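The structure presented is a predicted model; accordingly, all values stated were derived computationally and were not measured. Proteins come first, then strands; the chains are lettered A, B, ... in the order of their sequence lines, and each starts at number 1.
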Protein chains: 2
Amino acid sequence: MTVTLADVAARARVSPATVSRVLNGNYPVAASTRERVLRAVDDLDYVLNGPASALAAATSDLVGVLVNDIADPFFGIMAGAAQHAIGEGAPGRAGGEKLTVVCNTGGSPERELNYLTLLQRQRAAAVVLTGGAVEDADHIATMAVKLARLADAGTRVVLCGRPPVPAAGEAITAALTFDNRGGGRRLTEHLLTLGHRRIGYIAGPAERTTTRHRLEGHRTAMEAAGLGGDGLERLTVHGRYDRRSGYDATLELLRREPRLTAVVAANDTVALGACAALRDRGLRIPDDISVAGFDDLPFSVDAVPALTTVRLPLHEAGARAGRLATGAETPPPGGVATIGGELMVRASTGRPAS
Amino acid sequence: MTVTLADVAARARVSPATVSRVLNGNYPVAASTRERVLRAVDDLDYVLNGPASALAAATSDLVGVLVNDIADPFFGIMAGAAQHAIGEGAPGRAGGEKLTVVCNTGGSPERELNYLTLLQRQRAAAVVLTGGAVEDADHIATMAVKLARLADAGTRVVLCGRPPVPAAGEAITAALTFDNRGGGRRLTEHLLTLGHRRIGYIAGPAERTTTRHRLEGHRTAMEAAGLGGDGLERLTVHGRYDRRSGYDATLELLRREPRLTAVVAANDTVALGACAALRDRGLRIPDDISVAGFDDLPFSVDAVPALTTVRLPLHEAGARAGRLATGAETPPPGGVATIGGELMVRASTGRPAS
DNA sequence: CTGTTAGCGCGTTCAC
DNA sequence: GTGAACGCGCTAACAG
């Protein structure tokens, strides 16, 4: 029923091997023969059989991009940039593009491993892991083994916006990590400079690296300003990386410290929720209370007031990860590159009310 | 080097076929044998070879979800929901989940076809096409052929948020389409009821179905109110589905008609850009001018003022598309289901200034 | 319930 | 520059 390479060969009056050579373009073939083969391919509407091709060649054109939440632009931007870079980059075996596939883990370690297995099954050419990792000892160990096995099988492993996996050093082609600590620190320093002292912090889920690093940056700044101690713990609330979480956490912070003058959120989406809660409480931003986010997602500049935040070059990072995944770019020395964030001071932060 | 099914068979002292049966769980196998096989699999860290399996079975566990822009939550939400539904649904051949892959076309017809070819190569189990289609006669024809060929090869084709492909009737398993016309009409009717007469419309890219349908809804309402004619054309500006486009288009509308009292945007993201432009012009929303969007993306309720818009059940639609793709849900009668939108009246629209 | 036998469709040695 | 032969790893009939 379906057209095979042999059919094309027959029509072009050549051997199957020649058709294969034309399609893969890796061996010299006489121009006239190539012409004939290509016409036969076209006439027959022949489509290469991926599985068969992958089986024979022991590798495939699949590149997997794992994201925590595909509905979150933070991941969407990185994934889109990676996909673009991969598509533009090295053409796959069959001359066509590589098939970049985005896999949504929903932040679940099980699903993450699951997808890795599936990609291993498919003999994926590369895997890009984006976003923060879960800090569970068991999971980290399992991941290290899994990644090592993938690397053994020839799959390139690239981390994007995630710290290097400690135990899997050699397995990883490259790790692009964001300077979440530095960004968090500078953001809080900005508020301290404005004169804020009672600053609430809305953190992400407790067990993630991104959450911890941003929080550490915040606390480093607070402690340097002599604001360490119990207060830090009291003015920190954990939640998910979503709008609702920011809303609820803000109310909780206000309950704990009604005289709060600033709120720092784990990311921009959470910050938006925080703003909503403050408005509902009748507080003006930044006159009564300042708000800051993280990431500088596209909507942040349009928030009212425009959000002070830390810009992460998500697009660039994703594109670079894509190039690393295809081998179009050589890994940074040591395999690890840290990407800095840029403090974007906008209208949502100001001096505290006297 | 790599462990194969034969290795597992040897270790478990059974035939390869039996191992295959255990792994696929489609044939009865004695409990004790299964036990032995599973232990051997575990001992050897065996991972099924996807391509080989797909080759032999002439089908794979891959489900492709095509989106126009992965960085846009509109698509991210649908894709995430579809992926979730597919994962939860029918287990793949190897007992594991299906591998749902999201492919980012960037709105380009070429890339769309490209991905379809790649998925066809992989003998994908199903393909979900999300979002509006490009209305180019050539492309539509090519797509119809392509989809028919996919369907022939046993791939299920599901449309989500896209009108049925006219010429490919039988090829499509199911089409879930949004009532963009009705939504657009009701949105504009809402503004008309408030007393608006000079309403600007910021449309999406001209050649897309979504764009056209929303615009038609708007115009239907306008004409029913006796506001048809040249004015409609003059107060319509086309652009991309992004923030910047909304910003620029708004300035252009204001240039064409300084006394504008309302702006309807192609979607929420565009509406946000419109709000920014209006604010920069010193106009208050909704006191001086009303703004409305479409989709009701998560951030819309947090906009200031909260955005009046048409809510589309993106999550539900995506999940349903996923179930249709796995065969977990039977297609609606005729294969086509229209999903309505809900008018969400919020603070960004009000009576026009007298 | 389990083993045996054939391919699935293609890439890749080798020869010519 | 081209063809012939073999095998990639697995599943799907058949037997038994």
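Atom NE2 of residue B:His84 and atom NE2 of residue B:His315 lie 7.0 Å apart, to the nearest 0.5 angstrom. Atom CG of B:Leu118 is separated from atom CZ of B:Arg111 by 10.0 Å, given to the nearest 0.5 angstrom.
Closest approach of A:Pro51 to B:Leu55, counting heavy atoms only: CB-N, 3.8 Å.
When distances are taken from the side chain of B:Ala17 to each of C:dT4, D:dT2, C:dC10, the shortest belongs to C:dT4. Minimum atom distance to the side chain of B:Thr33 is reached by C:dT2, of the listed C:dT2, D:dG9, C:dC10. Looking at the side chain of A:Ala30, the nearest of the listed nucleotides C:dC1, C:dG9, D:dT2 is D:dT2.
At a threshold of 4.0 Å, the pair B:Arg208-B:Glu135 does not count as salt-bridged, since none of the basic side-chain nitrogens sits closer than that to a carboxylate oxygen. Salt bridge present: B:Glu112 and B:Arg162 bring a charged side-chain N and a carboxylate O closer than 4.0 Å.
Between B:Leu48 atom CG and D:dT11 atom C1' there is a gap of 10 Å when expressed in whole angstrom units. Taking atom CG of B:Asp7 as the reference point, atom C1' of D:dC8 lies 14 Å away to the nearest angstrom. One interatomic measurement links the two molecules: CG of B:Asn24 to P of D:dA13, which rounds to 13 Å at whole-angstrom precision. B:Arg21 places its CZ atom 10 Å from the P atom of D:dA12, with the value rounded to the nearest Å. Counting to the nearest Å, the P atom of D:dT11 and the CG atom of A:Leu55 are 11 Å from each other. Taking atom CG of A:Asp61 as the reference point, atom P of C:dG11 lies 11 Å away to the nearest angstrom. The CD atom of B:Glu35 sits 16 Å away from the P atom of C:dC1 (whole-angstrom rounding). Rounded to whole angstrom, the span from the CG atom of A:Leu23 across to the P atom of C:dG9 amounts to 16 Å.
Taking side-chain N and O atoms only, A:Ser15 has a distance below 4.0 Å to OP1 or OP2 of D:dG3. Distances shown here put a side-chain N or O of B:Thr18 below 4.0 Å from the OP1 or OP2 atom of C:dG3. An OP1 or OP2 oxygen of D:dT11 is reached within less than 4.0 angstrom by a side-chain nitrogen or oxygen of B:Ser53.
The residue A:Leu5 sits close only to the backbone: its heavy atoms come under 4.0 Å of sugar-phosphate atoms, none of a base. Counting non-hydrogen atoms under 4.0 angstrom, A:Ser20 reaches a base of the nucleic acid. Among the heavy atoms of the strands lying under 4.0 Å from B:Val14 are primed sugar atoms or P, OP1, OP2 only; no base atom is included. Within 4.0 Å of A:Ala58, counting heavy atoms only, lies no atom of the nucleic acid at all.
Checking A:Pro16 against A:Pro28, the closest nucleotide of DNA chain D that is more toward the 5' end is the one next to A:Pro28. Residues A:Tyr27 and A:Asn49 both approach DNA chain C. Their nearest nucleotides, taken by heavy-atom distance, put A:Asn49 toward the 5′ side.
A donor N or O paired with an acceptor N or O is not found under 3.5 Å between the base of C:dG9 and the side-chain atoms of B:Arg123.
Donor-acceptor pairing under 3.5 Å is lacking for the side chains of A:Thr105 and A:Ser108.
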